[in-house]
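So the structure is just underneath, and the comments pick up after that.
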Amino acid sequence: MIKKFLCAPGPTAVPAEILSEMSKPLMHHRTPQFSNVVAENAALLKQVFQTKNTVLTLTSSGTGAMEASVTNFLSKGDKMLVLSAGKFGERFSEIGKAYGANVVEIKADYSKDIKASEVEKALKENPDTKAVYSEYSETSTGVAFDIKNIASVVKKTEAIFVVDGITAIGAMEFKMDEWGIDIAIAGAQKSFMIPPGLAFISFSEKAEKMMKSANMPRFYFDLAKEKKNLEKNTTAWTPAITLFMGLNYALKMMLEEGLDNVVQRHFRVGEAFRNSIKSIGLSLFADIPNVQPSDAVTAVKVPEGIDGAKLPGLMRDRYGVTIAGGQGSMKGKIFRLGHLGYVDKSDIVVELQAMELAFKELGYKFELGASVAAAQKYILEKFPIPNVELSEAGD
Ligand SMILES: *Cc1c(COP(=O)(O)O)cnc(C)c1O
């Protein structure tokens, strides 16, 4: 037997309590019992998004909510400004093009981000921009965009600001209302600790006004229809009932821990990874210090002369640890250590030891155990000691 650890930047590991919750007998979705779950989830999601706006739950993967953020707010030919420095930013452009938007991109190399000043300049050159689309945590590169500052620039214009917060919301600080974000998107299988199949989307009053005149074709992802249904504590279509149950449990876990603590935990785990990999001569893909790293995923450069495309497979098949490789042109050049959702200090060591053993097999020269030792040192120094009563010796 090889014990398995799911350490990808999505889907992420699901706690046993949540799996157990989801294995209960199925309830029907048009019942008062399920309506209670819908209502409670909606209220708890508002807390996670830090918003007074409605947060809708769609039965789809995250991309469904990304698509909805285009089709529900724009009309054919509308100008959308996309900040693109990775695979997920590119996805916004692809969706816009598929639906006939006039897509204008600000592009930067993978490993970089787009600065608020560049957005300001682009908005001056394109005063007819209807919406600005940005990643928060660009999962393909491990870079966190400075969405707080970008929001303050977009806020001064007629345009709405759309943030793909999948992998970020529920892992990194996020204040939808305070920062002035018009549309925020999150996904179940990332920091929400449940299997794939739900996406979350919230929109401001400014965005809702645009929705009234937007005429792009839409049917399944009709947010006005979903919002009307949510007001009656139900959903437009048959929802992924089981996932709604799991989500309910997960949201309570997150809010019981406290959002600040959730964010701190992700920060510490992320920083431990970033510090530890250096001790065996590895470096981050993110263009530090010109960008901020994501606390949800660490993209690492494959060292010179090593066949990096083999690393994720070796870690998975020999040691049971699933991480992610590079996407597209980054394949073989980087690998991505996921650390979001149901993660804590021990996960750092689990991933690093498997990474080291796989690197040994690939012929990379370094001192075995060095990154693990660095992680342990970080854990000892930086992680708070849990406030629990220790049991008597012998227990
Ligand atoms: C995972 C992810 C998505 C959505 O992907 P799905 O496979 O459709 O769930 C979008 N954006 C980011 C940043 C992601 O990490």
Side-chain angles (χ1 to χ4, degrees), residues 6-14 49 56-71 80 82-96 98 108 110-114 132-147 150 161-174 181 183-202 220-221 240 243 246-247 250 266 270 285-286 291-299 312 322-328 330 334-343:
L6 183 53
C7 306
T12 63
V14 180
F49 276 60
L56 300 175
T57 299
L58 309 174
T59 290
S60 79
S61 81
T63 306
M66 292 175 79
E67 179 166 316
S69 78
V70 175
T71 58
M80 64 185 270
V82 179
L83 318 187
S84 173
K87 296 310 277 181
F88 291 105
E90 287 167 15
R91 188 168 297 178
F92 268 135
S93 298
E94 286 168 28
I95 295 168
Y110 295 162
S111 82
K112 298 188 190 306
D113 67 352
I114 313 291
V132 179
Y133 290 78
S134 179
E135 296 303 309
Y136 182 2
S137 160
E138 175 49 86
T139 315
S140 67
T141 64
V143 172
F145 284 47
D146 183 6
I147 55 156
I150 298 170
F161 186 38
V162 185
V163 172
D164 172 2
I166 306 174
T167 68
I169 298 175
M172 292 157 66
E173 187 181 39
F174 184 75
I181 287 154
I183 301 179
I185 298 164
Q189 81 277 25
K190 308 285 172 94
S191 40
F192 290 85
M193 305 182 284
I194 59 173
L198 296 180
F200 315 113
I201 183 164
S202 182
Y220 182 77
F221 296 119
L243 294 173
L247 176 67
H266 282 86
F285 181 59
V291 298
Q292 287 297 315
S294 167
D295 286 331
V297 54
T298 296
T322 298
I323 60 152
Q327 294 164 275
M330 292 170 276
I334 65 168
F335 60 93
R336 293 172 299 145
L337 301 161
H339 38 83
L340 74 163
Y342 189 47
V343 287

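Since this is a predicted model, take the numbers as computed values, not measurements. Counting convention: from 1, in listed order, for ligands and their atoms alike. Because only heavy atoms are used, hydrogens play no part in the values below, and waters and symmetry mates are left out as well, while side chains stay in.
Nearest heavy atom pair, residue V163 against residue F174, reads CG1-CE1, 4.4 Å.
From the protein, the heavy atom lying nearest to atom 11 (N) of ligand 1 is D164 OD2, 2.6 Å. Of the protein's heavy atoms, F88 CE2, 3.4 Å lies nearest to atom 3 (C) of ligand 1. In terms of protein heavy-atom proximity, atom 15 (O) of ligand 1 is closest to T139 OG1, 2.5 Å. From the protein, the heavy atom lying nearest to atom 6 (P) of ligand 1 is S61 OG, 3.4 Å. With hydrogens left out, the protein atom closest to atom 1 (C) of ligand 1 is K190 NZ, 1.4 Å, a heavy atom.
Each of the atoms 13 (C) of ligand 1 lies under 4.0 Å from some heavy atom of S137. Those atoms of ligand 1 with a heavy atom of Q189 less than 4.0 angstrom away are 6 (P), 9 (O). Within ligand 1, the atoms closer than 4.0 Å to a non-hydrogen atom of M66 are 10 (C), numbered from 1 in the order shown.
A heavy-atom distance below 4.5 Å is found between the side chains of T59 and Y220. Residues E135 and F92 meet the side-chain proximity criterion, which asks for heavy atoms closer than 4.5 Å. Taking 4.5 Å as the limit, every side-chain heavy atom of T139 sits out of range of all side-chain heavy atoms of I166.
Closest heavy-atom approach to atom 8 (O) of ligand 1 within the set T63, V297, I166, T167: this belongs to T63. Considering each of E135, E138, R91, the one bringing a non-hydrogen atom nearest atom 5 (O) of ligand 1 is R91.
Considering both main-chain and side-chain atoms, G62 comes within under 3.5 Å of ligand 1 through a nitrogen or oxygen pair.
For the atom pair S69 OG and I95 CD1, the distance stands at 6.5 Å (nearest 0.5 Å). Of the inter-residue distances, the one linking D113 atom CG with S84 atom OG reads 12.0 Å to the nearest 0.5 angstrom.
Within a 6.0 Å radius of CD in Q292, no more than 12 heavy atoms belonging to other residues, nucleotides or ligands are found.
In this model, a donor atom of one side chain and an acceptor atom of the other lie less than 3.5 Å apart for E90 and Y110.
Contact annotation: for A199 versus ligand 1, there are no heavy atoms closer than 4.0 Å.
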